[in-house]
> 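Structure in structure tokens, see below.
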Amino acid sequence: MDKVYKHQEMEGKIYQTWEESGYFQPQLKKNASLYSIILPPPNANAPLHFGHAMYVIEDILIRYHRMKGSPTLWLPGADHAGFETQFVFEKYLASQGKSRFDYDRKTLYQMIWDFVEKNRGGMESQLRRLGFSLDWNRMKFTLDEDIIGIVYKTFKKMYDDGLVYRAKRLVNYCTKDGTSFSDLEVIYEERKDPLYYIKYGPLVLATVRPETKFGDTGVAVHPQDKRYQKYVGKEIEIETVLGPAKIKVVADETVDPEFGTGVIKVTPAHDFTDFEIGQRHNLPARQVIDFNGKLNDKAGKFAGLTVKQARTAVVEIMKKRGLLEKVDENYQHRVGLCYKCKTVIEPLPLEQWFVKMEPLAKPAIDAVKKGEIKIFPRRFEKIYFQFLENIKDWNISRQIVWGIRIPAWRNTKTGRWMVTEGEAPSGKDWEQDSDVFDTWFSSAQWPFATLMSSPKSKINNQELSDYEYFYPTSVMETGYEILRWWVARMVMVGLYTTKKIPFEHVVLHGMVRDPLGQKMSKSKGNVVNPLELIDQYGADAVRFALVYGTALGNDQALSYPKLQAARNFTNKLWNITRFIDMKRETLNPKSEIRNNLTIKQLNNLAQHKNDKEIVGKTQILIKTVTKDLEAYNFNRAAETLYDFIWHTFADKYIEDVKNRLNQNSFLILHFSFLILLRLLHPFMPFITEKLYQLLSHEQKSIMIEAWPR
RNA sequence: GGACUCGUAGCUCAGCGGUAGAGCGCUGCAUUCACAUUGCAGAUGUCAGAGGUUCAAAUCCUCUCGAGUCCACCA
């Protein structure tokens, strides 16, 4: 053995033998306690980042339960990541001097497919580098035919149940990316914009968006506002930049009398609050901004101007005509932006498919309230409830091509819609909706969709699908930032479709930040690639460093000292093994070399006081580590193991035993270390495998050894 | 406007009701035979502040101050 552990020479080979061994596949048997996790599918088109490396938590759980003897499934997948991927592809097109509008739908889809296909596999080999014991035979892609079929079925069922409806409503629209978004995809930024006080006949009102005034179909005040009582319900004559006009005054609770003058203009087609006011008071929605972000001919001579240009132009004319009372230049407010390209989101009226969320949210709330689903750490329950209790209907239409096309057809003659499970309706006059589903709509079905579409297996003469066997899954482990985007939606749709919870426990990890505690981002240029760290420190060390010293659900700053410490720890393990191996040669013990000595058998073997002591302490360690794993206290389990192996086992016990080593104490030394390796295996799979085989002189993998008890 | 997290040794963070902990750093010593990616010994903290509950509080409660995050959304 070398003096130093060289991970570069070991990890690749070990992973290969694991994969060939078939141990990643669950050993299905009847009446066993099952364990399953569906991997949150990484974007098929992008390299892994630290968020994915945190899935090491799942590998720890999977390896632990596999060793405990459960049929254990960890199912990998890849996400087509609809808008994300199309966004990247369009950037690529732009670099070639092209745009998506240069191609028809079919060609564009195929081009993105090929683009993704070219990058496929990268992410998968990276998951292998991390040592993840995923069952690659069950790999799924979100655009697999059978997955699409299941998504169609769900949509059709929702439609038939009246949970999906088509409506012209205001949506968050990015005029640059040319698609609408759900509420979650809008980010807000604090901005300082001028607040214009505009004269509307006898009234004055404040707005930051004078360019939308062509879409005004009313003026609103608070019902209790005494100043304006006399106008309520009446039409007032106003002077506008396009000449004189009449406009109705309504009273609505949502108006804040403290804001501005207490009067607001109502522009139902371009503001969410105004849309609602419009609905309540029968004010028509007049769209004056088009989907290209420019004003249309309803804006008279301002038609063709962008929103920004129009604002300046309108203000200028109002100034000239004395229609502007004053301008507050220091007005602070928050502006909605496209989460991807940061363009100002334009609320625009668009016909879309919506999912009614309230009936879905209720059972999802109950499932957690009743404890059928548990969330770890507990504090995230609040965020979950808060989201579900205030949920709004979900816009699931996206105006892109990269995704699952919505199986809805419109009759060009009657205008009626028909929803199917994917097949085109008979007859000539049907035209399919050109939109695709929001990626999260299909992702919400991932746990049951993946299992339903896996091949059946024979279990005790019974043909069972993975769905029948494994569902509901045991754990959904992911970053807390997608609790609402994904986890909550999986619970809702899972409960709706399968009538069962999709998973029993939700385990949430925190973010990995850069060494200074800053969020990693491409624009800041502080992104660290986990694969580079694996090259440098080894996968075991990277895994260990990510778990060690950070409580579940907390963010952590990437720490090089910690990585180094973890790497040194692997070296320590290596040298403990070297010592034991060396002593074996000199002592040449003839007694039973069995690997599976239990701690109790070991206890009976112990004669010397210190041998008894180390066995006793190991016994306690087993209990502690097991308990911490069951409670998802991964950091504590890791810290306890590190401390025990290094400072108790190596520093104290080995230092003591090395001077009095005999046949008997050697057995204690040897077998108790094998127990430690097994305890450590879920955290550091590669080196523990290597050392286990070195010491036991057997071909048997530590992966399928029994968890110490 | 609501909610959450964090504030513990120089730095990064565990601990979350029973005599202050780890990693890195620091000081001194050791070392041909498992390991310098080492060992031994050691220094370093009114656990942000103020009140309260308790036999006992870094740990529970209230408030204050600082750092950060999320949600709602203002026309």
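Side chains are part of it too, since the values below use all heavy atoms of this structure and drop only hydrogens, waters and symmetry mates. Here is the naming used below: chain letters follow the sequence lines, and residue numbers restart at 1 for every chain. Small disclaimer: the values here were computed from a predicted structure and weren't measured.
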> B:U8 and B:A20: how far apart are their C1' atoms, nearest whole angstrom?
9 Å

> May I ask you to decide whether A:Arg209 forms a salt bridge with A:Asp193, counting only side-chain N to carboxylate O separations under 4.0 Å?
no

> Checking all strands, does A:Asn554 fall into the base, sugar-phosphate, or nothing category for heavy-atom contacts under 4.0 angstrom?
sugar-phosphate

> Output the single nucleotide from B:U5, B:C35, B:A14 whose closest atom is nearest the side chain of A:Arg379.
B:U5

> Would you measure the distance from the P atom in B:G17 across to the matching atom in B:C35 and give it in whole Å?
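It works out to 44 Å between them.
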
> Of the listed nucleotides (B:C73, B:A75, B:A14), which one gets closest to any side-chain atom of A:Thr550?
B:A14

> The test is side chain to side chain contact (heavy atoms under 4.5 Å, CB included); show your working for A:Phe683 and A:Arg543 and say whether it passes.
CA-CA 7 Å; A:Phe683 300 86; A:Arg543 292 168 60 115; 5.9 Å; no

> Could you measure between the two P atoms, the one in B:C60 and the one in B:G18, and give it in whole Å?
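Going atom to atom, P in each nucleotide, I get 11 Å.
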
> Using 4.0 Å as the upper bound for N to carboxylate O, is an ion pair formed by A:Glu9 and A:Lys690?
no

> To the nearest angstrom, how far is A:Asp643 atom CG from B:G23 atom P?
8 Å

> Report the nucleotide, chosen from B:C71, B:G15, B:C74, that has the shortest atom-to-atom distance to any side-chain atom of A:Arg636.
B:G15

> Taking the same atom, P, in B:U64 and in B:G1, what whole-Å distance lies between them?
14 Å

> Counting the atoms with a prime plus P, OP1 and OP2 as sugar-phosphate, which does A:His647 contact under 4.0 Å by heavy atoms, base, sugar-phosphate, or nothing?
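If one applies the 4.0 Å heavy-atom cut-off, A:His647 turns out to touch the sugar-phosphate alone, with no base involved.
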
> NA contact type, A:Phe387, heavy-atom cut-off 4.0 Å: base, sugar-phosphate, or nothing?
nothing

> Any base atoms under 4.0 Å from A:Gln564, or only sugar-phosphate, or nothing? Heavy atoms, all strands.
nothing

> By nearest heavy atom, map A:Thr577 and A:Ala557 onto RNA chain B; which one lands nearer the 5' end?
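Mapping each residue to its closest nucleotide by heavy atoms, the 5'-most match is A:Ala557.
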
> Donor-acceptor check, side chain of A:Tyr560 to backbone of A:Pro515, threshold 3.5 angstrom: yes or no?
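Here the side-chain-to-backbone pair does not exist.
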
> Answer with yes or no whether A:Arg578 presents, from its side chain, a donor or acceptor under 3.5 Å of a partner atom in the base of B:C35.
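By the distance-only test, no, there is no pair.
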
> With sugar-phosphate meaning primed atoms plus P, OP1 and OP2, does A:Tyr331 contact a base, only sugar-phosphate, or nothing at under 4.0 Å between heavy atoms?
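Result for A:Tyr331 = sugar-phosphate.
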
> Using the P atom in both, what is the distance from B:A58 to B:C16, to the nearest Å?
15 Å

> Under 3.5 Å, is there a donor-acceptor pair linking the side chains of A:Ser665 and A:Asn662?
yes

> When the P atoms of B:A41 and B:G23 are considered, how many whole Å apart are they?
13 Å

> Could you verify whether a donor N or O on one side chain and an acceptor N or O on the other, from A:Tyr5 and A:Asn575, lie under 3.5 Å apart?
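Their side chains do not contain a donor-acceptor pair, so the 3.5 Å distance test is not met.
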
> Could you work out which one of B:G15, B:A3, B:A75 sits closest to the side chain of A:Asn635?
B:G15

> Take atom P in B:G7 and the same atom in B:C13, then report the distance between them in whole Å.
9 Å

> Return whichever of A:Asp651 or A:Asn633 has its heavy-atom-nearest nucleotide of RNA chain B closer to the 5' end.
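Counting from the 5' end, the first nearest nucleotide belongs to A:Asn633.
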
> For A:Leu552 and B:A14, give me the distance from atom CG to atom P, rounded to whole Å.
11 Å

> With sugar-phosphate meaning primed atoms plus P, OP1 and OP2, does A:Lys392 contact a base, only sugar-phosphate, or nothing at under 4.0 Å between heavy atoms?
sugar-phosphate

> State which of B:C24, B:A75, B:G39 makes the closest approach to the side chain of A:His333.
B:A75

> In whole Å, what separates the C1' atom of B:A67 from that of B:U12?
16 Å

> Out of B:C74, B:G2, B:U37, which nucleotide sits closest to the side chain of A:Gln386?
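Looking only at side-chain atoms, A:Gln386 lies closest to B:G2.
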
> Does any N or O in the side chain of A:Lys583 come within less than 3.5 Å of the main-chain N or O of A:Phe666, such that one atom is a donor and the other an acceptor?
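Between the backbone of A:Phe666 and the side chain of A:Lys583 there is no qualifying donor-acceptor contact (under 3.5 Å).
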
> Quick one: does any side-chain atom of A:Gln556 pair with a main-chain N or O of A:Gly510 as donor and acceptor, under 3.5 Å?
no

> Counting only side-chain heavy atoms from C-beta out, which of B:G15, B:C33, B:A75 sits nearest to A:Asp256?
B:A75

> Which range-with-range stems can be found for RNA chain B when each stem has 3 or more Watson-Crick or G-U pairs in a row and both distances sit under 3.5 Å?
B:1-7 with B:65-71, B:10-13 with B:21-24, B:26-30 with B:38-42, B:48-52 with B:60-64

> How would you label the contact of A:Val255 with the nucleic acid (heavy atoms, under 4.0 Å): base, sugar-phosphate, or nothing?
base

> For A:Val219 and A:Val263, work out which heavy atoms get closest and say how close.
CG1-CG1, 3.2 Å

> Checking contacts here: which listed nucleotide (B:A14, B:G23, B:U37) is nearest the side-chain heavy atoms of A:Ala565?
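Nearest listed nucleotide: B:G23.
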
> Could you please name the option among B:A72, B:G2, B:A34 that lies closest to any side-chain atom of A:Ala650?
B:A34

> Test ring pair (Phe, Tyr, Trp, His ring centres under 6.0 Å) on A:His505 and A:Tyr632 and set out the steps.
CA-CA 10 Å; A:His505 289 177; A:Tyr632 305 122; 5.7 Å; yes

> Counting the atoms with a prime plus P, OP1 and OP2 as sugar-phosphate, which does A:Ile654 contact under 4.0 Å by heavy atoms, base, sugar-phosphate, or nothing?
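Base, at least one base atom sits under 4.0 Å.
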
> Looking at A:Gln556 and B:A14, is any side-chain donor or acceptor paired with a base atom of the opposite kind under 3.5 Å?
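Checked by distance alone, the answer is no.
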
> Counting side-chain heavy atoms from CB outward, which of B:U37, B:A14, B:A75 is closest to A:Val208?
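For A:Val208, the side-chain atoms sit closest to B:A75.
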
> Looking across every strand, which nucleic acid part, if any, lies under 4.0 Å from A:Tyr548 by heavy atom: base, sugar-phosphate, or nothing?
sugar-phosphate

> Go through the N and O atoms of the side chain of A:Lys572 and the base of B:C35, and report whether any donor-acceptor pair is under 3.5 Å.
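Yes, the side chain and the base share a sub-3.5 Å donor-acceptor pair.
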
